[in-house]
*Asks:* 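Provided herewith is a single structure, encoded as C-alpha cells, for subsequent inquiry.
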Amino acid sequence: MRCLCVATAALLLSACTSSSDDTASVEPGDGAVGTSEPGTTLPTGPRGTDEGHVTLMALAPQAQLGAQNLLAGVFTEADRGWLNLAQCLTRPSTYCVQEYPVDPGTWVPISTYDDQIGDAILTRDLGPTLQLGPFTAEATWDADRNLGYYLTDLGMPSSIPETLGLTLGGGDWPAYSGESDIEMASPMVVYEPDPRSGHTFHSANPVPLRWEPGGVGDVYLAVVTPNDSRLFHLEDTGAYDLDFADFDLWDYSPVTLALGRWTFGEVEIEGNRVTLQVQSDQYIHGEFRDVEGREELRPAANCEEAEVMDVVRPGTYYGDISDLGSDNNPGAFGCTGYSASGPDGLLKVGLEPNQYVEFVYQLPQDDASVYLAEDCYRAGATCLVGSDGTGTDAEVLSYYNESDERQTLYLVLDSVKFPGLPAVTDLFTLDVSFTDLLTDVLYPECVDAMDAPYLETGAYVGDVAGHANVLDPIGIPTCLVSAPGGEGIAPVQLAPYERVTVEVSMPGSDPILYWLYQCNLVESCAGYADTQHDSFESIVWENDTPFTENRYLVVDSAGLSGEYYLSVVVE
C-alpha cells in the first residue's frame, strides 16, 4: 500500500553569515531556544548595508517527530554569503548554504552550523515582532551565542493564503508592510519512501523518491549525513532515484532526506534587502549500509515461489527479509536449537554428488537463524543442518552431498523476534560457496601424520569417528581447552612469510583446532581456536620468519560426531 504524507507550510526568516565545511544531521524541531521573554528589544549596532532572510518552513509528520511549522528571522549588518541564515542560526542542527543549485538535476554541497557563523555577524533589531502573512514571530535574544533573531513554532495552521506579505515594525530599519511579497509553496506530498518509518539506504541500488508532481514552487532535496551533505534541485516529475554510490559515507551513517517545494521572493526596504523563502518539506530518516561489491538477492516469500526460482549461485549477496512473513520455524528443539519466529525467506539450493556448500549469513543488527531443509513445506521437520548462535554474529552453515545423486534443498534465511521489538531492522548479507571435495587428509596417529604429505590449498571431507583420544591439551597454558573426543592430524609446511587459513565444519559436534610444534607432544601447542558450542572453527598461522617452518594441525572433537569438512588456503 502506498503511504500518503502531506507537508503543510510554516515560516522561517534567515540572514547571511560566514562559511563552514562541516556537516551534520537534520533534526527538525531541535532549534535554538532564546533566553529572553517575547517582546524583548534586540541589541543594535553601527548602521550599514543590511541583509535579512525570511523562510516559511513546514515540516510534515515523519518517523522521529510529528509535524511542525516554524517562523524565524534573522537580520544582519552585512551580507556574509549565506542564503538561509534564519534556518542556519535558529536551528543550528540543520544545514547552511551559500548557493542554491540553479538548474534541475544539479546539486551543491551544504554545510552545518558552527559557532564561527554566529561570531561573524551582528544582528539587527527590527521591533518586537516579525510577521509574514498571518504568522508572527517574536524577538528572541540568545545570550550564549550573542545572537538576536525571530523564531516561533506555529503549530499546524488550518489555512494559509496563496500569497504572503512581510510586515516589520521598524527599529534599526524603517517600518515596512507588504501584501503579496511571496507566493505560498504547495504542500509536498511524498509517497515513497514512507516518511513515517525508518529506512535502510545503500549504495548498490538508487533510492526511489516518489511524490505528487505539479504545484507551486521548485522541488529541492537536501541529503544530510555526518560527512557528505548535498542540496539537489529536481525536476518536478514526481520521481527521482537518489544514488548513494558516489557519496562519501561510512557504514551505519545516519541519513536524513528533506524533500520539499520552495518559493522565493525579495523585498527592498530603503537600500536594505530581504530575501523571502517558503519551504514545504517532508523529512525521511534512515541509515546508510555499505553493500559495495555485493549483488542484490531476493529470497522467495513462500514455497510456491521457491520451487520455481533458480538455484542460488556462488557469490556475495545482500537482501531484505523484513517485509516477508514468518512461515517457518525450526522450533526450540529443532536443528538450530532455538526458535526463530521472525520473518524468513527461502532459497533453492542445487548440489551435485560429492559437492560441499558453505553459507555465511548475517543480519548485522539483528539475531539471525539459518537452516537447510529437504522439504520446503516441512522445513523444520526435514532440517538437515542449522546454525543459530546468539547475538548478531554471522551464522556459518555447511553441508556435503555424499550421495551419488543430485540434491535439491531449501535454505531458510530466518530471524529471531524478541517481545516488543521488531524482528528485522537491517539488510542481510549472504556469502555462498560451492566446492568439490577431496578425500580425507586427517590421520589418527602421529606416526602416520609425520610421514604424510603437507596440507595444500583445497577442500576436504572425512571422518574422525573411529579415531582415539590420544591428544588432549587440557591444562596446557598455550591452549587451555579440553577436547575429549577423537582427533585427526595433518602436517603443514609454510615457506617464509606464507600464511595458512584453516576452516573446519563438524555438523553435530564441537570441533577444536590447534597447532603443535611436535606431533606427539601436546605441550608444544602453539595456538588454538575454540568458540565453544559451535560446529564451525577457523584458525590462522602466518610464518613471519625468513625460514621454512613446520607444524601439525590437530582437528579435535567433542566426541559427538566424527564427520568433518576442511578448507585450507595457503597463500
Side-chain angles (χ1 to χ4, degrees), residues 358 360 389 393-394 396 398 437-506 509-571:
E358 181 178 271
V360 181
D393 291 340
V396 181
S398 59
L437 293 180
L438 303 175
T439 57
D440 196 342
V441 290
L442 298 181
Y443 295 86
E445 297 181 6
C446 281
V447 64
D448 298 318
M450 292 169 67
D451 293 330
Y454 296 115
L455 270 182
E456 296 179 347
T457 296
Y460 306 87
V461 61
D463 201 316
V464 296
H467 293 200
N469 182 29
V470 178
L471 301 173
D472 193 339
I474 185 171
I476 305 302
T478 50
C479 280
L480 296 176
V481 293
S482 176
E487 67 270 347
I489 311 165
V492 180
Q493 184 178 83
L494 291 187
Y497 308 111
E498 273 192 327
R499 171 191 177 99
V500 62
T501 302
V502 178
E503 296 179 345
V504 66
S505 176
M506 229 180 231
S509 187
D510 178 18
I512 298 169
L513 300 178
Y514 50 97
W515 302 108
L516 296 180
Y517 285 116
Q518 299 182 41
C519 184
N520 56 3
L521 185 65
V522 73
E523 287 81 4
S524 69
C525 181
Y528 73 99
D530 180 22
T531 55
Q532 298 186 359
H533 311 301
D534 195 345
S535 62
F536 176 84
E537 291 293 346
S538 175
I539 195 168
V540 176
W541 166 39
E542 185 170 0
N543 178 13
D544 56 2
T545 75
F547 310 102
T548 297
E549 287 195 347
N550 298 329
R551 290 187 185 181
Y552 292 90
L553 171 72
V554 182
V555 180
D556 219 326
S557 71
L560 302 177
S561 172
E563 189 177 37
Y564 72 82
Y565 307 97
L566 190 70
S567 170
V568 179
V569 178
V570 179
E571 54 190 352

*Asks:* Is there a side-chain contact (heavy atoms from CB on, under 4.5 Å) between Asp510 and Ser535 once you walk through the steps?
*Replies:* CA-CA 5 Å; Asp510 178 18; Ser535 62; over 6 Å; no
*Asks:* If you define the side chain from C-beta out and look only at heavy atoms, does anything of Val504 sit under 4.5 Å from Tyr565?
*Replies:* no
*Asks:* Without placing hydrogens or testing angles, list every side-chain donor-acceptor pair under 3.5 Å for residues 543-555, not counting sequence neighbours.
*Replies:*
unit_1: Asn543; atom_1: OD1; unit_2: Thr545; atom_2: N; d: 3.1
unit_1: Asn543; atom_1: OD1; unit_2: Thr545; atom_2: OG1; d: 2.7
unit_1: Asn543; atom_1: ND2; unit_2: Leu494; atom_2: O; d: 3.3
unit_1: Asn543; atom_1: ND2; unit_2: Ala495; atom_2: O; d: 3.1
unit_1: Asn543; atom_1: ND2; unit_2: Phe547; atom_2: O; d: 2.7
unit_1: Thr545; atom_1: OG1; unit_2: Phe547; atom_2: N; d: 3.2
unit_1: Thr545; atom_1: OG1; unit_2: Phe547; atom_2: O; d: 3.1
unit_1: Asn550; atom_1: OD1; unit_2: Gln493; atom_2: NE2; d: 2.9
unit_1: Arg551; atom_1: NH2; unit_2: Tyr517; atom_2: OH; d: 3.2

*Asks:* My understanding is that only residues two or more places apart in sequence, or in another chain, count here; which of them pass side chain to side chain donor-acceptor pair (under 3.5 Å) with Tyr514?
*Replies:* Asp556
*Asks:* Does any pair with a residue in residues 518-529 pass side-chain hydrogen bond (donor to acceptor under 3.5 Å, both in side chains), and if so which ones, sequence neighbours excluded?
*Replies:* none
*Asks:* Would you name the heavy atoms of Ala449 and Cys519 that are closest together and state the gap between them?
*Replies:* CB-SG, 4.4 Å
*Asks:* Any chance you could measure Phe536, atom CZ, to Leu513, atom CG, to the nearest 0.5 Å?
*Replies:* 9.0 Å
*Asks:* Search all heavy atoms of Pro444 against all heavy atoms of His467 and return the closest pair with its distance.
*Replies:* CA-ND1, 3.5 Å
*Asks:* I need the Met506 CE to Ile512 CD1 distance, nearest 0.5 Å.
*Replies:* 10.0 Å
*Asks:* Do the side chains of Val441 and Leu566 get nearer than 4.5 Å, heavy atoms only?
*Replies:* yes
*Asks:* Could you name each residue pair satisfying salt bridge (charged side-chain N to carboxylate O under 4.0 Å, His left out) that touches residues 477-505, not counting sequence neighbours?
*Replies:* Arg499-Glu542
*Asks:* How close do Ser538 and Thr501 get, heavy atom to heavy atom, and via which atoms?
*Replies:* OG-CG2, 4.3 Å
*Asks:* Distance from Cys479 atom SG to Asp530 atom CG, nearest 0.5 Å?
*Replies:* 10.0 Å
*Asks:* Looking at Ser557 and Ser509, what are the two nearest heavy atoms and their distance?
*Replies:* CB-OG, 4.0 Å
*Asks:* Can you name the side chain to side chain contact (heavy atoms under 4.5 Å, CB included) partners of Val360, sequence neighbours left out?
*Replies:* Glu358, Ala394, Val396, Asp431
*Asks:* Once side chain to side chain donor-acceptor pair (under 3.5 Å) is applied, do any residues pair with Ser398, and if so which ones, sequence neighbours excluded?
*Replies:* Tyr356, Ser505
*Asks:* From Leu516 CG over to Cys525 SG, what is the distance, rounded to the nearest 0.5 angstrom?
*Replies:* 6.0 Å
*Asks:* Tell me, please, which residues at least two apart from Asp448 pass side chain to side chain donor-acceptor pair (under 3.5 Å).
*Replies:* none
*Asks:* Compare every heavy atom of Thr457 with every heavy atom of Val570, then report the nearest pair and how far apart it is.
*Replies:* N-OG1, 2.9 Å
*Asks:* Assess, by modelled atom type and distance only, whether the side chains of Tyr564 and Asp440 contain a donor and an acceptor separated by less than 3.5 Å.
*Replies:* yes
*Asks:* Closest approach of Ala490 and Leu442, non-hydrogen atoms and distance?
*Replies:* CB-CD2, 3.9 Å
*Asks:* Sequence neighbours left out, what passes side chain to side chain donor-acceptor pair (under 3.5 Å) with Asp472? Give chain and number order.
*Replies:* none
*Asks:* Indicate yes or no: at least one non-hydrogen side-chain atom of Leu455 is less than 4.5 angstrom from one of Pro491.
*Replies:* no
*Asks:* I want to check something: taking the side chain as every heavy atom from C-beta on, are Tyr454 and Val492 in contact at a cut-off of under 4.5 Å?
*Replies:* no
